[in-house]
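Heads up: the structure comes next, in structure tokens.
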Amino acid sequence: MAAYPFAQIEEKWQRYWDEHETFETPDEPRVAEDGTPREPYYVLDMFPYPSGSGLHVGHPEGYTATDIVARYKRKQGFDVLHPMGWDAFGLPAEQYAVKTGTHPRETTEQNIATREINTTDPDYYKWTQWIFLKLYEKGLAYQAEVPVWWCEELGTTLANEEVIDGKSEVGGHPCERVPMRQWMLKITDYAERLLGGLDDLDWPASTIKMQRNWIGKSTGAEVDFGVVGHPEDHLRVFTTRPDTLFGATYMVLAPEHPLVSKVTTEKQAGAVEDYIREAQQKSELERTELQDEKTGVFTGGHARNPVNGEKIPIWIADYVLATYGTGAIMAVPAHDERDYDFAKKYDLPIREVVRPPGDADAPRSDAPEGAYVEKEGTLVNSDSSGHAVGGIAEQGVSLNGLSVAEAQEKIIAWLDDEGQGRAATTYRLRDWLFSRQRFWGEPFPILLDEADEPKPVPEDALPVTLPDIDSYEAIGSGKSPLEGLPEWVETNDPETGAPMRRETNTMPQWAGSCWYYLRFIDPGNDELPVDPEKEKRWMPVDLYVGGSEHAVLHLLYARFWHKVLYDAGVVSTKEPFQKLVHQGLILGEREFTRYLDEDDHAVSAEHVSDGSDGKIDQRTGEPVRAVEVPKEEVEKRGDHFVLEADPDIRVEARAHKMSKSRGNVINPDEVIEEYGADALRLYEMFMGPLEQVKPWSTDDVAGVSRFLGRAWRLVAGEDARDLDSSNALADPITDARPSSQQLRTLHQTIENVTDDIEGLRFNTAIAALMEFVNEARSWDALPRGVAEDFVLLLSPFAPHLAEELWQRLGHSGSLAYEPWPELVEEHLEEDTVEMAVQVNGTVRATIAVDAEAEEEAVLGRARAEENVQRHLDGKEVQREIYVPGRIVNFVAGG
RNA sequence: GCGAAAGUGGCGGAAUUGGUAGACGCGCGAGGUUUAGGACCUCGUGGGGGGCUCCCCCGUGCGGGUUCGAGUCCCGCCUUUCGCACCA
């Protein structure tokens, strides 16, 4: 039998909330009893985003946390907006999973029905298109030819990750890089603001850092190098170390650099072409992963260093990325590790120009081993001031003797004066490739004329809806499936009537989720994405909870759109999400694994490591296979778990990510079936800190379920078996005044639970509620007022049970808007306190002393303790440490 | 390779201003209750030791240090997890 009748209780109260629209968020602020309007509080979960592993208990974790905060804030007198919705675009095959993915609302209640939004609803994506038009009007959406992987056999384009060794991951068909017309969003225009905006956000430091790294701001200089034999051209490089210009002994271009063919000499043409072809076959993944050995070829051409007129060779190498900076670098092997490796391999000259601090005077004929990359030291070998620099400047420049910082400043000024360079900032962030050749996405509100010139669809013609078709399959040749629907594609210019074609690419998955938090505020508006008054009232989102896998993509894209909407006057805040928390992953139950080699001999776990093709015995390189071991056959020896039957064989003990293939997925529906939604909520929060990765343990769910049963019986009575035993109360519920001891227990609980919810420490908040119940069960009688406050404290965590108990305590309505119990400090005060007495830092006794006791009296009591005397015997007390209410420490020696 | 976070009982985790380490829960043990129980109740539970209402020693990844006092602060390692990975 269940610990308490949760099934009846939960069904009853879910129906009640639904019928009474208990959690409806009003558009107009509610007014508190004293006439002041309630403050708004906006708490939001990231859109459910279905994955291949289907529905599992990780899903409700974030929702439960936000639901607890929402319920708590309502009791604190806030108007709370806590909506839910889903993003169904992008993954048609998983739409069913998306729908079941929203099912966890059973655990978070149907408090959202009237604000539900769905990105695939034309009434929603009308405004996604509207926002795209704003981007377009501002010149932030443009078309460009971008190389993408194209697979002829599969008839589709593929992402970088889907191509290995120039072949498709699926089927192994050959692929090639083809430039295609793509829509791009100019997120780079906002790089600086996206960076600056991070400063004032209450976000996890790691996420802020990831965004900073992603944006990747570098400051330095652009420098123009002349091309020998081509006076009309120059090679522009970006460098963060312009101080090392005199140390540049060669240049390297990315294989895709536009000037490669021009600088290549006839003699080198064959080698260069071969190299470029090879580089093209590699995916970007390979180019970066196979980093062990750098490769490159000499073009035969030379460049001229603007600071000294030196003629240096031009190479091409794929360690220089076409997409970063200018796609060309000056190589300073003495002060850059990559350049150093390359110079060593191809025997290129290395010239030291920054001498590390400490050996400034040491004369050096040979370049030192390795690259010195620190920015401390003194410039050497950097002087062209005695002469004109041929064709560039009348007078050279000297950096010798300067620090790195001084040298940078001086050389940038000199380059600027001579027109050969300038201070510059570069970002790693690239413009956002915004089009997909898929059916299931938002259509672009764009028409193309006969010359392929885009023209926006007028606002009043939105939305541009997807056609109603059965087959979503690709039609080949790199075209969107929409292209095969002439009746949809062919249209007329609504202004001139001229024949036009619709843009057939669709928007990527991220589009709809870039602004959904605004739509929740005003879901039915057909005039605007969101009403400005309402936007002002609710924004920004006060608490945003979601997985860290979106740390860069969604959170960066949404911030970008938000800033564009701010510039367009649509929103009043510069940042959308004020406070952000990532819930930690929930892993499967802990498993014990042993390993067997091919002959079924046991292999101790410490010898097993990851091979290229699964687990191997690292001593022999032989493959091993994993076998699960029941936990009864395992014991702990020292730091490791071993087989009970053979203690020399270690087993691996760890929890794994839930996945269908591993078969360790816990389904929340089954947990709810057995223990109820309140128990599931409570357990998910009790497991540990919200942000932390935690292993699931079904046994532990039983523990919190027992606690709920004890709470139920504490208030409803030991005999309360089901709802039919009417509105029974426990006999010991009394109308007598609570004792000071009872008040102290209650108010300690109020203090702990309140502080812990504020800090999102739900695990310790629940522990405090458990302590209350453990204590209260020993009382002869439970005063009604104490019981009521306890039920209110419990209610954010176990709302169904709390409502039922609240009703049994004599209330007719929901407790959802009952005020949160207030802490009364004086109830916390204790008459006596326990203090530890130490001798030389080790506890030798504890004494109960009057809370008001004077230091001397306490020390006297402490000294009088028998065990303290024993340890002080024959010693002289040199010092007495007294920390009121906490500790006494006698420091004795001799 | 670089960066960040974290290492506490058999397990999940408490103890974030240095002040009685192990709250709370699981598991385990003993007892009670029950026709029965994967229910409920009571007590115990870091390890070791003793002459066992009590006392002693050891104990928060490892090695040093600061302090009357360190899980907490400092220095140096080790391990794990998560990011980033030629960004000039």
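No hydrogens, no waters, no symmetry mates; every other heavy atom, side chains included, goes into these values. Here is how names work: the chains are called A, B, and so on, in the same order as the sequence lines, proteins then strands, and each is numbered from 1.
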### Message
So A/Glu606 and A/His640, do their side chains get closer than 4.5 Å, heavy atoms only?
### Response
no
### Task
Establish, with yes or no, whether the OP1 or OP2 oxygen of B/rC82 is under 4.0 angstrom from a side-chain nitrogen or oxygen of A/His582.
no
### Message
Between B/rG46 and B/rG29, how far apart are the two P atoms, rounded to whole Å?
### Response
16 Å
#### Entry: Side chain of A/Glu771 - closest among B/rC56, B/rA23, B/rC26
B/rA23
### Query
Is it true that A/Phe707 and A/Phe686 have ring centroids separated by less than 6.0 Å?
no
### Message
Need one value for A/Asp341: base, sugar-phosphate or nothing, where a base atom within 4.0 Å counts as base even if backbone is also close, heavy atoms only.
### Response
nothing
### Task
Looking only at side-chain atoms of A/Ile887, point me to the closest of B/rC26, B/rU20, B/rC68.
B/rU20
### Message
Counting the atoms with a prime plus P, OP1 and OP2 as sugar-phosphate, which does A/Arg710 contact under 4.0 Å by heavy atoms, base, sugar-phosphate, or nothing?
### Response
sugar-phosphate
### Task
Between A/Lys209 and A/Met330, just flag the one whose closest nucleotide in RNA chain B comes earlier from the 5' side.
A/Lys209
### Task
Determine the contact category for A/His335: base if any of its heavy atoms lies under 4.0 Å from a base atom, sugar-phosphate if only primed atoms, P, OP1 or OP2 are that close, otherwise nothing.
nothing
#### Entry: Sugar-phosphate, base or nothing in reach of A/Val704, heavy atoms under 4.0 Å
nothing
### Message
Contact between A/Thr240 and A/Thr219 at the side-chain level, heavy atoms closer than 4.5 Å - yes or no?
### Response
no
### Task
Give one of base, sugar-phosphate or nothing for A/Asp339, where a contact means two heavy atoms less than 4.0 Å apart.
nothing
### Query
What is the nucleic acid contact for A/Glu834, judged by heavy atoms within less than 4.0 Å: base, sugar-phosphate only, or nothing?
base
### Task
Give one of base, sugar-phosphate or nothing for A/Val843, where a contact means two heavy atoms less than 4.0 Å apart.
sugar-phosphate
### Query
Rounding to the closest angstrom, what is the interatomic distance between B/rA15 and B/rC41 at atom P?
27 Å
### Message
The side chain of A/Ala767 is closest to which nucleotide in this list: B/rA88, B/rC24, B/rG13?
### Response
B/rC24
### Query
So what does A/Thr846 hit on the nucleic acid, given a heavy-atom distance under 4.0 Å: a base, only sugar-phosphate, or nothing?
base
### Pairwise C1' distance for B/rA14 and B/rG51, with rounding to whole Å
37 Å
### Query
Which value, in whole Å, describes the distance between the P atoms of nucleotides B/rG1 and B/rC75?
22 Å
### Message
Check the phosphate of B/rA14 against A/Arg761, side-chain N and O only, distance under 4.0 Å to OP1 or OP2. Yes or no?
### Response
no
### Message
Looking at B/rA88, I'd like to know if its phosphate oxygens (OP1 or OP2) sit under 4.0 Å from a side-chain N or O belonging to A/Arg428.
### Response
no
### Task
Please work out whether B/rG27 sits syn or anti, treating a glycosidic angle within 90° of 0 as syn.
anti
### Query
Can the ring centroids of A/Phe6 and A/Tyr675 be said to lie less than 6.0 angstrom from one another?
no
### Query
Could you state the CG-P distance from A/Asn763 to B/rA14, rounded to the nearest angstrom?
5 Å
### Query
Taking only N and O in the side chain of A/Asn213, is any of them less than 4.0 Å away from OP1 or OP2 of B/rA4?
no
### Task
Please give the nucleotide sitting opposite B/rU67 as a Watson-Crick or G-U wobble pair, both distances under 3.5 Å, or none.
none
### Message
Students often get this wrong, so: under 4.0 angstrom with heavy atoms, is A/Ser697 touching a base, only sugar-phosphate, or nothing?
### Response
nothing
### Message
Of the listed nucleotides (B/rC86, B/rC55, B/rU17), which one gets closest to any side-chain atom of A/Asp318?
### Response
B/rC86
### Query
Can you check the A/Asp699 CG to B/rG27 P distance for me, whole Å?
5 Å
### Message
Side chain of A/Val883, heavy atoms from C-beta onward: which of B/rG19, B/rC40, B/rU81 has the nearest atom to it?
### Response
B/rG19
### Query
Can you tell me if the side-chain N/O atoms of A/Gln692 get under 4.0 Å from OP1 or OP2 in B/rG13?
yes
### Summary
Checking B/rC11, B/rC86, B/rC26 against the side chain of A/Phe641 (C-beta onward), the nearest is B/rC11
### Query
For the side chain of A/Glu61 and the backbone of A/Ile586, is there at least one donor-acceptor N/O pair under 3.5 Å apart?
no
### Query
At under 4.0 Å, does any side-chain N or O of A/Arg706 touch on OP1 or OP2 of B/rG27?
yes
### Anti/syn call for B/rU17, syn if |chi| within 90°
anti
### Task
Could you check which nucleotide pairs with B/rC43 in any of the strands shown, counting Watson-Crick or G-U wobble with both distances under 3.5 Å?
B/rG29
### Query
To the nearest Å, how far apart are A/Arg870 CZ and B/rC54 P?
12 Å
### Query
Contact class for A/Glu880 vs. all strands (heavy atom < 4.0 Å): base, sugar-phosphate, or nothing?
nothing
### Task
With RNA chain B as reference, determine whether A/Ala328 or A/Gly841 sits nearer its 5' end, using the nearest nucleotide of each.
A/Gly841
### Message
Considering every strand and a 4.0 Å limit on heavy-atom distances, what is the contact class for A/Arg212: base, sugar-phosphate, or nothing?
### Response
nothing
### Query
Which nucleotide, B/rA14, B/rC55, B/rG19, lies nearest any side-chain atom of A/Ile881?
B/rG19
### Task
Could you please name the option among B/rA4, B/rU20, B/rA23 that lies closest to any side-chain atom of A/Thr764?
B/rA23
### Query
When rounded to the nearest Å, what value does the distance between C1' atoms of B/rU79 and B/rG63 take?
15 Å
### Query
With respect to the phosphate group of B/rU42, does any side-chain polar atom (N or O) of A/Arg777 fall under 4.0 Å of OP1 or OP2?
yes
### Query
Given A/Asp339 and A/Lys294, is the salt bridge (Lys or Arg N to Asp or Glu O under 4.0 Å) satisfied, shown in steps?
CA-CA 10 Å; A/Asp339 297 344; A/Lys294 296 191 195 325; over 6 Å; no
### Task
Assign B/rC52 to syn or anti; the rule is syn for a glycosidic angle within 90° of 0 and anti otherwise.
syn
### Message
Could you tell me how far B/rC26 sits from B/rC74 if I compare only their P atoms? Round to whole Å.
### Response
37 Å
### Query
Just how far, in rounded Å, is C1' of B/rG1 from OH of A/Tyr340?
17 Å
### Task
Return the nearest nucleotide to the side chain of A/Asn889; candidates are B/rG69, B/rG3, B/rU20.
B/rG69
### A/Glu549/A/His582 under side-chain contact (heavy atoms from CB on, under 4.5 Å): CA gap, chis, key distance, verdict
CA-CA 9 Å; A/Glu549 68 271 21; A/His582 299 307; over 6 Å; no
### Message
I'd like to check A/Leu429 versus A/Leu556 (side-chain heavy atoms, cut-off strictly below 4.5 Å). Are they in contact?
### Response
yes
### Query
Given B/rA85, B/rG13, B/rC24, which nucleotide is nearest the side-chain atoms of A/Phe686?
B/rC24
### Task
Determine which nucleotide pairs with B/rA5, using a 3.5 Å limit on both distances of a Watson-Crick or G-U wobble pair.
B/rU80
### Side-chain heavy-atom pair A/Tyr324, A/Ser218 within 4.5 angstrom cut-off
yes
### Query
Within this structure, what is the CG-to-P distance between A/Asn840 and B/rG69, rounded to whole angstrom?
8 Å
### Task
Please confirm whether A/Arg590 makes a cation-pi placement over A/Phe641, using NZ or CZ under 6.0 Å from the six-membered ring centre and within 45° of the ring normal.
yes
### Message
Using atom C1' in both nucleotides, what's the gap between B/rC55 and B/rC40 to the nearest angstrom?
### Response
37 Å
